[in-house]
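Every number for a ligand or one of its atoms is a count from 1 in the order of the listing.
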Amino acid sequence: MDYLARQKKALAAIADKHEALLATHLSNVRYLTGFSGSAGVLVVSTRGTVLFTDGRYQEQAKTEARGTRVVITAGSAVAAAAQWMAGHRVRAVAIEAEHTTVALRAALRSMIPRSLKIRETQGLVEELRMIKDANELQRIRNAVRLGSSLLDTALGVIRPGASEIEVAAEMEYDARQKGAESMSFPTIVASGARSALPHGRASTAAIARGFVVLDFGVILAGYCSDKTRTVYVGKPTAQERRMYEAVREAQQAAIDSVRAGVIAGEVDFAARSVLRRAKLDRYFTHSTGHGVGLEIHEAPRLARGQPDVLRSGMVITLEPGVYIPSKGGVRIEDMVIVTERGCDVLCPTQKELITL
Ligand code: ZN
Ligand code: ZN
């Protein structure tokens, strides 16, 4: 990873050469330096780039953030950063508004001279993170490959009487066995009427007859995967089959609509239109997709009317769903890389309805 190039891009995003970026969001710190510790702040400025962290990370920071100056602090990392900025004639500090608490902002204000201005920025580093470089794409491909293999694990465990949590546990154990750092979010196993809960975390409920929504992902080398498949326990009715096929068609319409230059909202529209024709759009209660990378939910969002323009190298999910309260739900989700001419579906696996 070329961290110095990323730091340069972040600097270029701050117009004023007397301004410093204070990165407090750990995923942004990691993106800019490689440091994966759980505490630390980064100052990026024309006067220098310095990572402030504490003694627990002395060795790790030096190894991971090679190429970035590391300062180990005994007290608050923000206080050390504030002192450094005041001592290096920084005139303004750009903070990450979405990741700065009111308390942190107040503390920072009290630590820096009055003459040093605080400017709120939004999505400055996140904007850079939207386009993945070759190294990131390789890591994402690896994460998706491992993550996708967990579907087979689930299929081996799902049977009437097994609990949702048992299915999730087997998937998560298998993920760790295969080298995953962790899951990218709590595994969703939602069966029967619970499948109508778009984010139905695995519960102690027994797998019931009907749809089972499985939404799962792993983190590998820092990068997330995210996939959903819906299977059926028992024999689906004709109406349930139609519902499943409508979601499948909607997801395909979304895939077909993706290419560099297309507006995010158009992809959402493509999926929603299929469900409208099937008279199911009112049950599609979330957006069509989101970016994925160091975090499970990143920019861009693929939602109704979203104006972001898709660009080559973005990694997004396409995940329309239909959820009929107290009946059941279906969602199908894949991650794709946006390309100039379309998209590359990562680790495509079967989408015909699997019945168990
Ligand atoms: Zn998902
Ligand atoms: Zn997702």
>> Using 30° and 60° as the class boundaries, would you call the ring planes of Tyr244 and Phe211 parallel, tilted or perpendicular?
In response: parallel
> If you draw the axis of the six-membered ring of Phe284, does the NZ or CZ of Arg272 fall within 45° of it and under 6.0 Å from the ring centre?
Replying inline: yes
> So His297 and His199, would you call those rings parallel, tilted or perpendicular, with 30° and 60° as cut-offs?
Replying inline: parallel
> Under 4.0 Å between a Lys/Arg side-chain N and an Asp/Glu carboxylate O for Glu136 and Arg129?
Replying inline: no
>> I want to verify a count. Protein N, O or S atoms less than 2.8 Å away from the Zn ion (ligand 1), how many are there?
In response: 4
>> Parallel, tilted or perpendicular, judged at 30° and 60°: which one describes the rings of His99 and His25?
In response: parallel
>> If the cut-off is 2.8 Å, does any N/O/S atom of His297 fall short of it from the Zn ion (ligand 2)?
In response: no
> Between CZ of Arg139 and CG of Leu220, what distance do you get to the nearest 0.5 Å?
Replying inline: 9.0 Å
